[in-house]
2 protein chains.
Amino acid sequence: MVIHLMEKRMLAGQECDTQTWDMGNCPVRDVLDRIAGKWSTLLLEALAHKPYRFGELRRLVPDISQRMLTQTLRDLQRDGYIEREVFPTKPPSVEYRMTELGRSLFEPLSKVLLWAGENHASVKAARVKFDDSDLG
Amino acid sequence: MVIHLMEKRMLAGQECDTQTWDMGNCPVRDVLDRIAGKWSTLLLEALAHKPYRFGELRRLVPDISQRMLTQTLRDLQRDGYIEREVFPTKPPSVEYRMTELGRSLFEPLSKVLLWAGENHASVKAARVKFDDSDLG
DNA sequence: TAGTGCTAGTCTCTTTTTGATACCAACAAT
DNA sequence: ATTGTTGGTATCAAAAAGAGACTAGCACTA
């Protein structure tokens, strides 16, 4: 069934058949390399919930550095997933909110996050098994 | 609707509410940090199609280094998404194939890949718009 | 009025991660 | 005898990420 999806895409002549998997030709890689970052999905999950300000996001994800928060937000904004709005308050505040494109991406993405939550135990079990065996 | 999913998960008392988003407590981060790598999804996509040998994967993804291929495959194996089998041929060959857990993960994941293929144009357009504006 | 804190970042330095290249041993074919 | 193939590892350079100090303008406080 999963394979069916793959074959359908490949038979449809869409990109990323085994001949064009190199970067620059493959749209899937072009898009995924950005949302596959360590912090991207986390910030998308937060902003899918509701808009947040810079400092709120920083407190929400305690172990992100300001440097990476700035950079990841800018990358997500550049790819069109989130918007940035500056309010001229004192001190000025900046709000980040998800765009329609971002919501459209988050719909399938949220299912992966859901899977992660549901199958965490299986993954942890696999790790223990692997570490206890030969290669640990 | 996406938000509905989020709220459902949060209301269900599952992890990753805003109090436990730090690493070590959050299963979603624990799982996603592994499959969010640059090469993981690509290899999962290949192995979802059919089993491959080390060298085949290397040729399939021309710009991965042997070092990262080894490491990524080992990480995916450790988390239980793929299996590694050594055949005592001369020279010995090693086959990697997806596990049931891997297929279960790839089901939602493939929808994100599909989204990426379908919405590549929108993302590229957003990038051009961003780069042409103030911050380019 | 001087001190402290808040805002959203940037700048610099160090550590970690990744990439490029060379190398391995055993066997097959030329 | 040289070359090619297998699936890696070892080493070093380059890129990315993390830690912390620093900024400016204003508010509050002592």
Side-chain angles (χ1 to χ4, degrees), chain A residues 21-24 29-30 32-43 46-47 51-79 82-97 130 133-136, chain B residues 21-24 29-30 32-43 46-47 51-79 82-97 130 133-136:
Chain A
W21 265 15
D22 54 298
M23 189 47 161
R29 291 184 64 179
D30 189 29
L32 248 72
D33 275 3
R34 297 306 176 85
I35 63 172
K38 184 175 180 181
W39 307 108
S40 308
T41 48
L42 208 58
L43 295 177
L47 294 173
Y52 281 105
R53 291 171 48 187
F54 186 89
E56 290 177 313
L57 289 170
R58 200 162 71 82
R59 282 186 290 277
L60 202 59
V61 186
D63 54 349
I64 193 174
S65 64
Q66 286 192 320
R67 192 181 158 281
M68 285 315 293
L69 181 54
T70 301
Q71 194 175 106
T72 307
L73 287 171
R74 213 170 302 260
D75 286 348
L76 293 176
Q77 186 193 355
R78 190 172 103 97
D79 279 16
I82 64 176
E83 291 171 327
R84 179 180 184 270
E85 187 174 4
V86 182
F87 294 100
T89 57
K90 304 160 199 171
S93 67
V94 178
E95 189 179 271
Y96 293 91
R97 72 165 55 81
F130 182 90
S133 74
D134 43 356
L135 300 126
Chain B
W21 264 15
D22 54 298
M23 189 48 162
R29 293 184 63 177
D30 190 28
L32 249 71
D33 275 2
R34 297 307 176 84
I35 64 172
K38 184 176 181 182
W39 308 107
S40 308
T41 50
L42 208 56
L43 295 177
L47 295 172
Y52 281 105
R53 291 172 49 188
F54 185 89
E56 290 177 314
L57 289 169
R58 199 162 70 83
R59 283 185 290 275
L60 202 60
V61 187
D63 55 346
I64 192 174
S65 63
Q66 285 193 324
R67 192 181 157 282
M68 284 314 291
L69 181 53
T70 302
Q71 195 175 103
T72 308
L73 287 171
R74 213 171 301 259
D75 286 348
L76 292 177
Q77 185 194 356
R78 191 172 101 98
D79 279 17
I82 64 177
E83 291 172 328
R84 179 180 185 270
E85 185 174 4
V86 182
F87 294 100
T89 57
K90 306 158 198 168
S93 67
V94 179
E95 191 180 272
Y96 293 91
R97 72 165 55 81
F130 181 90
S133 74
D134 42 357
L135 300 125

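Just so you know, these numbers use all the heavy atoms, side chains as well, and skip hydrogens, waters and symmetry mates. So you know, we letter chains A, B, ... as the sequences are listed, proteins then strands, and number each from 1.
Contact between the side-chain N/O atoms of A/Y96 and the OP1/OP2 oxygens of C/dG9 is found at a separation under 4.0 Å. Here A/R84 reaches the OP1 or OP2 of C/dG9: one of its side-chain N or O atoms lies under 4.0 Å away.
For B/L73 and C/dT18, the CG to P distance is 14 Å, given to the nearest whole Å. A/L57 places its CG atom 14 Å from the C1' atom of C/dG9, with the value rounded to the nearest Å. Per the geometry, CD belonging to A/E95 stands 15 Å off C1' belonging to C/dT7, to the nearest Å. Between A/F87 atom CZ and C/dC6 atom C1' the separation is 18 Å, expressed in whole Å.
The two residues A/L47 and A/Y52 come nearest to each other via the heavy atoms CD2-N, 3.6 Å. The minimum heavy-atom distance linking A/S40 with A/I35 is given by the pair CB-O, 3.7 Å. Listed here is the closest heavy atom pair of B/Y96 and B/I82: CD2-CD1, 4.0 Å. Pairing each heavy atom of B/L60 with each of B/P62, the nearest pair is O-CD, 3.3 Å.
Every side chain to side chain contact (heavy atoms under 4.5 Å, CB included) that A/R97 has, sequence neighbours left out, goes to A/P51, A/E83, A/E85, A/E95. Annotation: side chain to side chain contact (heavy atoms under 4.5 Å, CB included) contacts of A/R78 (sequence neighbours excluded): A/R34, B/R127, B/F130, B/D131.
Summary of the strand contacts: B/T70 and B/R58 both lie near DNA chain D, and taking for each the nucleotide with the nearest heavy atom, the more 5' one is attributed to B/R58.
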Margin query: For nucleotides 13-30 of chain D, give me one character per nucleotide, 5' to 3': B if any protein heavy atom sits under 4.0 Å from the base, S if the only such contacts are to the sugar-phosphate, - if neither.
Written below: ----BBB-----B-----
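Of all nucleotides listed (C/dG9, D/dG8, C/dT7), C/dT7 comes nearest to the side chain of A/R53.
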